[in-house]
Amino acid sequence: MPRETKQSFYSVSLEKSKESIDITQKIWQERESCSEIYRQINELKAVKNEINRDRLTQREGINRRNAELQDVANESLRELRKFKEAVSQQLQAKKAHNIQIQQRTEEINEHIRKLEPSS
């Protein structure tokens with residue numbers, strides 16, 4: 001092979017090798033870039049999971065507190081109903097007592113009328 005042809009061959013070969021190296025470097029840069037993107041995605045997923053855990057914990061706390069408040073409200077309602085029943089019974093007893101007093105008063109008035117001289 002003539003010398004120029006060899007040089008030309010080597011020159012083309014060297015150029016192709018440089019292109020191949022450039023392409024390989026670009027591929028590695030892209031891989032590193034993708035790796036960084038995946039790392040950031042995983043960090044974001046971890047933050048999202050932590051936020052969801054915090055929300056779940058808050059929700060559980062709120063649900064627990066709501067259940068406690070509901071228990072207190074139910075107990076207060078039971079006590080209020082007992083009180084209402086007791087007041088109602090006292091009122092009925094008072095009415096019955098007032099009726100007895102009224103009847104007794106009428107009996108006494110009737111007796112007094114009978115004892116009074118007729119005019």
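The structure places CD of Gln100 at 7.0 Å from CD of Gln103, a figure rounded to the nearest 0.5 Å. Considering CD of Glu32 and CD of Glu30, their distance stands at 10.0 Å, rounded to 0.5 Å. A distance of 12.5 Å separates CG of Asn42 from NZ of Lys48, quoted to the nearest 0.5 Å. Summarising the geometry, atom CG belonging to Asp54 is positioned 5.5 Å from atom CD belonging to Glu50; distances are rounded to the nearest 0.5 Å. Here CG of Leu56 is found 12.0 Å from CG of Asn49. Values are rounded to the nearest 0.5 Å. The CD atom of Gln58 sits 16.0 Å away from the CZ atom of Arg65 when rounded to the nearest 0.5 Å.
Between the side chains of Gln89 and Glu85, at least one donor N or O lies within less than 3.5 Å of an accepting N or O. In the model, Gln40 has a side-chain atom that pairs as donor or acceptor with a side-chain atom of Glu36 under 3.5 Å. Using modelled atom types and a 3.5 Å distance limit, the side chains of Asn98 and Gln102 yield no donor-acceptor pair.
Enclosure of atom CZ in Arg39 by more than 12 non-hydrogen atoms of other residues, nucleotides or ligands within 6.0 angstrom is indicated.
Judged by distance alone, the side chain of Ser88 and the main-chain N or O of Lys84 form no donor-acceptor pair under 3.5 Å. Side-chain atoms of Ser35 come within 3.5 Å of backbone N or O of Arg31 as a donor-acceptor pair.
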